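The chains referred to below are lettered A, B, ... by the order of the sequence lines, with proteins before strands, and numbering in each begins at 1. Note: hydrogens, waters and symmetry copies are ignored here, and every other heavy atom, side chains too, is used. The structure displayed is predicted, hence computed values, not measured ones.
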2 protein chains.
Amino acid sequence: MSIKKASTIQDVANKAKVSIKTVSRVINNEPNVSLETVKKVETAIDLLDYQPNAFAQSLARSKPKIISLIYDTPSPNYISHIMEGVLAYCYKVDYEVIIHPLRFNEVGLMRSAEKFIKKSRLAGLIVTPPYSDNVEFIKLIESFDLPKVLISSGLNISEEDSIKTNDREVSMQMTDYLISNGHKRIAFIKGHPTHLCINDRFKGYQDAMNRAGIEIDNSIVENGLNSLSSGEQCAERLLSLKERPTAIFSSNDEMAAGVIKVAYRNGLNIPSDLSVVGFDDSPMTAMITPPLTTVKQPLDAIGEKSAEKLIDKLENKELVRESVINSNIIYRDSVKKIN
Amino acid sequence: MSIKKASTIQDVANKAKVSIKTVSRVINNEPNVSLETVKKVETAIDLLDYQPNAFAQSLARSKPKIISLIYDTPSPNYISHIMEGVLAYCYKVDYEVIIHPLRFNEVGLMRSAEKFIKKSRLAGLIVTPPYSDNVEFIKLIESFDLPKVLISSGLNISEEDSIKTNDREVSMQMTDYLISNGHKRIAFIKGHPTHLCINDRFKGYQDAMNRAGIEIDNSIVENGLNSLSSGEQCAERLLSLKERPTAIFSSNDEMAAGVIKVAYRNGLNIPSDLSVVGFDDSPMTAMITPPLTTVKQPLDAIGEKSAEKLIDKLENKELVRESVINSNIIYRDSVKKIN
DNA sequence: GTGAAAGCGCTAACAA
DNA sequence: TTGTTAGCGCTTTCAC
């Protein structure tokens with residue numbers, strides 16, 4: 001078991017018989033190196049199994065190749081997939097990622113966020129909801145003049161700083177789907193009011209209902225809080241109505257799961273007595289009975305595109321990138337055609 | 001919106017009218033600084049809102065304060081919670097964490113792992129399953145002489161390098177619970193064979209059955225692969241047996257969910273016709289009907305303890321730390337008492 | 001108890 | 001096309 005010692009740029013330079021600057025040029029793909037020299041240097045790099053020291057690079061460069069992913073911690077599935085995408089892209093282009101959970105309700109949040117940003121010497125940040133909806137937080141980032149990409153922000157953000165999904169549109173499609181299955185009395189459970197983007201989902205529902213000429217009955221529009229239990233509470237009310245809805249569209253899966261639990265408790269079968277659809281395609285949706293019809297956001301792709309957009313900005317590349325990524329409906333077994 | 005510029009150790013030294021070395025001493029809690037000087041320096045630090053530059057520190061120090069968390073990507077819930085714990089502890093003691101997903105089945109895995117370790121100049125690693133069971137991978141770490149903590153490794157690892165849970169014991173308790181509810185014909189679905197620790201769960205089942213003097217019928221011991229669909233397949237077989245089990249103990253929740261789906265498909269009610277228990281307490285277990293009785297591992301605590309153990313090692317602290325963390329059963333509604 | 005100087009491994013600015 | 005030099009911000013000698 002031989003202990004390996006990392007080699008330095010000087011070692012490479014010695015082996016290739018060039019100056020360290022030349023090695024540096026090769027590493028960073030800078031111009032003005034003869035092909036022959038490049039070959040020599042690359043051979044030496046391979047031979048020594050050389051890896052540049054990221055700290056030394058960061059220290060020497062003005063802008064370190066480090067970005068951070070900021071998130072709260074409500075949903076493991078959401079954040080893991082976003083993170084996957086971000087890490088995958090950054091790994092390709094040789095950026096480091098610092099993962100930073102921040103408790104949304106913590107006192108001194110801004111102070112600790114500021115401290116973090118300072119300490120980490122970030123080049124830029126990727127921000128997920130609910131922080132991407134938080135004006136104060138975004139101002140903080142701007143006060144550092146840091147490039148950023150906000151994921152699914154409900155704020156009025158310039159396109160070059162944001163990545164969004166077409167929640168409103170898919171939500172409309174989902175409602176259309178319900179309508180095309182004969183449903184008219186379609187209840188809607190809204191999401192947490194501070195999550196702006198989730199409320200686009202309600203708008204999509206409104207769009208579809210309006211277009212179909214079905215008047216929205218506000219007594220079957222509930223205000224949820226994204227959690228299982230809040231879904232249950234909404235469902236209790238909805239299902240105890242004299243004129244029950246035939247379908248419930250929940251703005252997220254977790255609340256939809258709450259609806260299904262309450263339905264079973266009340267002796268209702270899904271989907272024969274009640275159709276239910278959700279949003280997010282969280283892993284459990286395939287596991288519950290019946291499997292839930294829901295909307296899948298391509299989270300890995302969102303993470304990847306966010307990282308790409310941010311890094312392109314950092315490197316002053318032309319960015320004519322798409323900023324809307326399409327979600328799509330996953331049809332499963334929780335909707336029944338009625339007449 | 002004023003753009004803030006980070007201050008350096010020199011700024012602090014100027015303001016406090018001392019040398020940079022003295023500032024460095026204060027930052028690192030080194031001895032031989034008069035109380036008065038410490039006060040002066042600390043005031044200057046506060047005034048300038050100074051944060052040491054982690055790269056410069058890492059570069060100057062031999063050992064950077066950076067560790068990495070290595071994982072595959074099967075389970076968002078598992079890894080997010082472990083990560084939470086690791087990040088929380090590291091944040092407290094001022095270590096950076098690099099999160100590194102590695103595809104288990106990728107070709108050139110070892111090569112890319114090696115490259116990663118070199119490049120990141122890690123001080124140590126925390127390794128989760130399945131890598132903590134991978135001899136080749138562990139040898140790689142050792143070839144770099146890097147301190148490590150292996151989470152839930154099934155290998156014969158020295159206690160100071162590992163954090164485990166009492167899977168075998170809880171698994172025995174769970175089986176006891178089933179037995180005490182009148183079940184004798186208890187099926188078991190084993191987990192993926194390369195995940196060593198998951199097979200401790202089977203041992204616990206054996207322990208309990210043996211102790212209760214119930215002979216284990218191998219025709220109701222299934223080999224699962226941790227996935228929903230593999231749970232379904234096992235359940236298909238189990239439930240088509242002439243002499244059906246009255247309870248099924250699945251080594252993870254996902255397979256248990258598969259069992260429940262198949263049971264419903266076959267017109268069986270849970271728990272009245274069949275009791276089912278799982279392992280992991282993944283979020284969906286509370287959402288399915290009926291809520292599943294399962295085992296909860298304190299994942300955040302595992303992450304935190306792993307980080308603590310690793311960092312104590314890095315800093316040569318005495319480590320008389322516990323290395324086994326207790327899981328416990330979460331009783332819900334998927335088990336019925338039979339006679 | 002304190003400070004000056006060297007150097008960690010790299011990049012940037014300037015020469016050659 | 002290539003090399004030299006001076007830092008980046010910090011810690012580590014070693015001297016005072």
Side-chain angles (χ1 to χ4, degrees), chain A residues 5-42 44-45 48-66 94-96 118-123 314-315, chain B residues 5-42 44-45 48-66 94-96 118-123 314-315:
Chain A
K5 174 94 182 81
S7 37
T8 74
I9 198 172
Q10 188 65 63
D11 299 334
V12 177
N14 292 152
K15 174 139 287 185
K17 301 201 188 310
V18 296
S19 76
I20 59 169
K21 179 60 217 180
T22 302
V23 178
S24 170
R25 287 201 177 91
V26 174
I27 296 167
N28 297 295
N29 292 314
E30 281 169 38
N32 297 331
V33 190
S34 75
L35 204 66
E36 197 191 355
T37 315
V38 172
K39 283 258 186 302
K40 260 199 315 198
V41 173
E42 279 174 347
I45 288 178
L48 294 168
D49 210 6
Y50 166 75
Q51 289 292 335
N53 181 324
F55 305 124
Q57 287 183 314
S58 293
L59 188 58
R61 266 194 272 264
S62 45
K63 281 203 186 302
K65 290 169 86 169
I66 303 207
D94 228 43
Y95 267 66
E96 291 295 340
K118 273 207 162 134
K119 182 181 134 194
S120 312
R121 317 288 148 135
L122 303 172
L314 292 175
E315 312 203 326
Chain B
K5 175 92 182 86
S7 37
T8 74
I9 198 172
Q10 187 65 62
D11 299 334
V12 177
N14 292 152
K15 174 140 284 183
K17 301 201 189 312
V18 296
S19 76
I20 59 169
K21 177 60 217 180
T22 302
V23 178
S24 170
R25 286 201 178 91
V26 174
I27 296 168
N28 297 296
N29 294 313
E30 282 169 37
N32 296 331
V33 190
S34 74
L35 204 65
E36 197 191 354
T37 314
V38 172
K39 282 260 185 299
K40 262 199 312 197
V41 172
E42 278 175 348
I45 289 178
L48 294 168
D49 210 6
Y50 167 73
Q51 290 290 337
N53 182 322
F55 305 124
Q57 288 182 315
S58 293
L59 186 57
R61 269 195 270 263
S62 45
K63 280 204 186 301
K65 290 170 87 169
I66 303 208
D94 228 44
Y95 267 67
E96 291 295 340
K118 274 209 160 131
K119 182 180 135 191
S120 312
R121 316 289 147 137
L122 304 172
L314 292 176
E315 311 204 327

Atom NZ of B:Lys40 to atom C1' of C:dG3: distance rounded to whole Å?
-> 13 Å

More than 12 heavy atoms of other groups within 6.0 Å of A:Lys15 NZ = no

C:dG9 P sits how many Å from A:Leu48 CG, rounded?
-> 14 Å

Does D:dC8 have OP1 or OP2 sitting under 4.0 Å from an N or O in the side chain of B:Asn53?
-> no

The helix from C:dG1-D:dC16 to C:dA16-D:dT1: angle between terminal helix axes, five bp per end, to the nearest 10 degrees, reads 30°

Minimum heavy-atom distance between B:Ala123 and B:Leu314, given as atom pair plus value = O-CD2, 3.1 Å

Please determine if a side-chain N or O atom of B:Ser24 lies less than 4.0 Å away from the OP1 or OP2 oxygen of D:dC10.
-> no

CZ (B:Arg25) and OG (B:Ser19) are apart, to the nearest 0.5 Å, by 6.5 Å

Is any side-chain N or O of B:Lys21 under 3.5 Å from a base N or O of C:dA4, one able to act as donor and the other as acceptor?
-> no

Report the C-alpha distance between B:Thr8 and B:Asn53 in whole Å, list the side-chain angles of each, state the deciding distance to 0.1 Å, and finish with yes or no for side chain to side chain contact (heavy atoms under 4.5 Å, CB included).
-> CA-CA 8 Å; B:Thr8 74; B:Asn53 182 322; over 6 Å; no

Check whether any side-chain heavy atom of B:Ile66 lies under 4.5 Å from a side-chain heavy atom of A:Glu96, and answer yes or no.
-> no

Any residue of residues 8-20 of chain B with a heavy atom less than 4.0 Å from an atom of DNA chain C | B:Val18, B:Ser19

In terms of heavy-atom contacts, A:Ser7 and A:Tyr50 come closest through O-CD1, 3.2 Å

Per B:Pro52 side chain, nearest of listed nucleotides D:dC10, C:dC10, C:dA12 | D:dC10

Heavy-atom closest pair, residues A:Glu315 and A:Tyr95 = OE2-OH, 2.9 Å

What is the distance, rounded to the nearest whole Å, between atom CD of B:Gln57 and atom P of C:dG7?
-> 21 Å

Please list, by residue number, the residues of residues 29-37 of chain B whose heavy atoms come closer than 4.0 Å to an atom of DNA chain C; answer none if no residue qualifies.
-> B:Asn32, B:Val33, B:Ser34, B:Thr37

Acceptor/donor pairs from residues 30-39 of chain A side chains to any protein atom, 3.5 angstrom cut, sequence neighbours excluded:
residue	atom	partner	partner atom	Å
A:Ser34	OG	A:Thr37	N	3.1
A:Ser34	OG	A:Thr37	OG1	2.5

What is the distance, rounded to the nearest whole Å, between atom CG of B:Leu59 and atom C1' of D:dT11?
-> 10 Å

For B:Ile20, which residues count as a side chain to side chain contact (heavy atoms under 4.5 Å, CB included) partner, sequence neighbours excluded?
-> B:Ile9, B:Gln10, B:Ala13

Nearest-angstrom distance from the residue atom NZ of B:Lys65 to P of C:dC8 = 22 Å

Distance from A:Thr22 atom OG1 to A:Ile27 atom CD1, nearest 0.5 Å?
-> 10.5 Å

Residues two or more places apart in sequence or in another chain: which of them pass salt bridge (charged side-chain N to carboxylate O under 4.0 Å, His left out) with B:Asp94?
-> A:Lys119

Using only heavy-atom distances, decide whether a donor-acceptor pair under 3.5 angstrom links the side-chain of A:Arg25 to the base of D:dT2.
-> yes

